[in-house]
Amino acid sequence: DTKAHYVQSIHYNNDELWVGTVHSGLIRISDPNGKATIRTYSQETSDLSSDFVSALFEGIDRKLWIGTSGGGINILDLETEKITWILKGDQNLSSNTIQGITEDNNNDIWVSFKSGIAKLDDTGVFINYSEDDGFENLVFNPNGVGKSGDTLYFGSAAGYNVFKPADLTFQQLPAKI
């Protein structure tokens, strides 16, 4: 393969190295018996919605969450190899430009965007947070996400946001009539 592999994100699990690239999609390098095998997931093979893989995260449920730039979220079930896409507007996803993905202690998925942050709730809908919810500077950096205990960190253009998801409250506003 003569295509350059500009690496944007890396994830390692169970003798598999997952490499997210800017123009070549997702590359899986496996070495189960001392002989490396390589598999590429891309737009060309209709696996991914975008070849710009900006973030990788493996959830507790053995799903690899693949954040893309321009193609939303792709979810690879590591047991079945089935891939599903979530694009802007689907499940209230506010952007197709994903910067970071992590999971809190309640197994809720958190996603940062080029301009925003959201939590996937237990009904499968993204709850979008803003400055009104106490977040500062919602211009997030690629892979600028971390977790320590029950605290999440999201790096932004002006520093970082730090919070405990269990301490957040989401107020449902009644419909205006």
Side-chain angles (χ1 to χ4, degrees), residues 1-104 107-121 123-128 138-147 152 154-157:
D1 186 350
T2 59
K3 192 185 283 188
H5 299 297
Y6 179 85
V7 175
Q8 180 74 16
S9 52
I10 295 175
H11 176 71
Y12 180 79
N13 73 344
N14 303 327
D15 294 325
E16 292 183 323
L17 180 65
W18 297 88
V19 180
T21 70
V22 171
H23 300 293
S24 303
L26 178 67
I27 301 168
R28 179 180 69 189
I29 304 168
S30 304
D31 190 10
N33 302 316
K35 182 172 165 70
T37 59
I38 298 173
R39 166 128 199 270
T40 301
Y41 301 81
S42 68
Q43 278 183 288
E44 186 176 311
T45 59
S46 299
D47 294 317
L48 301 181
S49 59
S50 171
D51 281 339
F52 190 132
V53 175
S54 54
L56 295 171
F57 177 77
E58 184 178 344
I60 191 111
D61 58 359
R62 294 267 309 137
K63 291 183 179 163
L64 185 65
W65 291 74
I66 305 159
T68 72
S69 183
I73 300 170
N74 296 211
I75 305 167
L76 171 60
D77 186 314
L78 296 173
E79 302 296 327
T80 66
E81 296 266 329
K82 181 182 177 195
I83 298 176
T84 55
W85 300 353
I86 304 173
L87 302 175
K88 182 178 178 179
D90 298 343
Q91 298 171 237
N92 203 34
L93 186 68
S94 66
S95 174
N96 277 333
T97 304
I98 310 303
Q99 301 290 64
I101 304 172
T102 194
E103 190 171 52
D104 66 22
N107 303 326
D108 292 322
I109 296 293
W110 287 82
V111 178
S112 61
F113 308 103
K114 193 171 183 179
S115 58
I117 190 168
K119 176 182 88 168
L120 184 62
D121 75 7
T123 67
V125 174
F126 284 95
I127 298 171
N128 296 294
L138 294 177
V139 179
F140 290 103
N141 295 328
N143 290 306
V145 61
K147 178 183 173 187
L152 300 182
F154 287 89
S156 70

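Since this is a predicted model, take the numbers as computed values, not measurements.
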State the [atom1]-[atom2] distance between [X] and [Y], to the nearest 0.5 angstrom.
X      : Y      : atom1 : atom2 : answer
Ile66  : Tyr41  : CD1   : OH    : 8.0 Å
Ile75  : Ile86  : CD1   : CD1   : 4.0 Å
Ile127 : Asp108 : CD1   : CG    : 8.5 Å
Ser54  : Asn141 : OG    : CG    : 12.0 Å
Leu56  : Ile101 : CG    : CD1   : 7.5 Å
Asp15  : Ile29  : CG    : CD1   : 12.5 Å

All salt bridge (charged side-chain N to carboxylate O under 4.0 Å, His left out) counterparts of Asp47, not counting sequence neighbours
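Only Arg39 meet the salt bridge (charged side-chain N to carboxylate O under 4.0 Å, His left out) criterion with Asp47.
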What orientation do Phe154 and Phe140 show, parallel under 30°, tilted 30 to 60°, or perpendicular over 60°?
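Phe154 vs Phe140 ring planes: perpendicular.
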Kindly indicate whether the side chain of [X], heavy atoms from C-beta on, has any atom under 4.5 Å from the side chain of [Y].
X      : Y      : value
Leu152 : Val145 : no
Thr21  : Val53  : no
Ile109 : Phe57  : yes

Is a side-chain donor or acceptor of Gln8 paired with a backbone partner of Gly20 at a separation under 3.5 angstrom?
no
Listed pairs under 3.5 Å, donor-acceptor, residues 111-119 side chains, sequence neighbours left out:
{"unit_1": "Ser112", "atom_1": "OG", "unit_2": "Gly100", "atom_2": "N", "d": "3.1"}

Residues forming a side-chain hydrogen bond (donor to acceptor under 3.5 Å, both in side chains) with Lys147, sequence neighbours excluded:
Asn105
Under the side-chain hydrogen bond (donor to acceptor under 3.5 Å, both in side chains) rule, collect the residues that match up with Asn14, sequence neighbours excluded.
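Partners of Asn14 by the side-chain hydrogen bond (donor to acceptor under 3.5 Å, both in side chains) criterion come out as none, since no residue qualifies.
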Could you name each residue pair satisfying side-chain hydrogen bond (donor to acceptor under 3.5 Å, both in side chains) that touches residues 92-103, not counting sequence neighbours?
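Qualifying pairs: Ser94-Asn128.
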Kindly state each residue pair satisfying side-chain hydrogen bond (donor to acceptor under 3.5 Å, both in side chains) with at least one member in residues 56-77, sequence neighbours excluded.
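Qualifying pairs, neighbours excluded: His11-Glu58, Asn13-Glu58, Ser49-Asn74, Glu58-Arg62, Arg62-Glu79, Asn74-Trp85.
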What are the two closest heavy atoms between [X] and [Y], and how far apart are they?
X     : Y     : value
Ser50 : Gly70 : CB-C, 4.5 Å
Leu26 : Leu48 : N-CD1, 3.7 Å
Ser9  : Ala55 : OG-N, 3.9 Å

Can you sort out the partners of Gln43 under side chain to side chain contact (heavy atoms under 4.5 Å, CB included), two or more places apart, ordered by chain and number?
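So Gln43 forms a side chain to side chain contact (heavy atoms under 4.5 Å, CB included) with Asp51.
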For Lys35, which residues count as a side chain to side chain contact (heavy atoms under 4.5 Å, CB included) partner, sequence neighbours excluded?
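With sequence neighbours excluded, Lys35 shows a side chain to side chain contact (heavy atoms under 4.5 Å, CB included) to no residue whatsoever.
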Selection residues 19-29 - residue pairs positive for salt bridge (Lys or Arg N to Asp or Glu O under 4.0 Å), sequence neighbours left out
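The answer is Glu16-Arg28, Arg28-Glu81.
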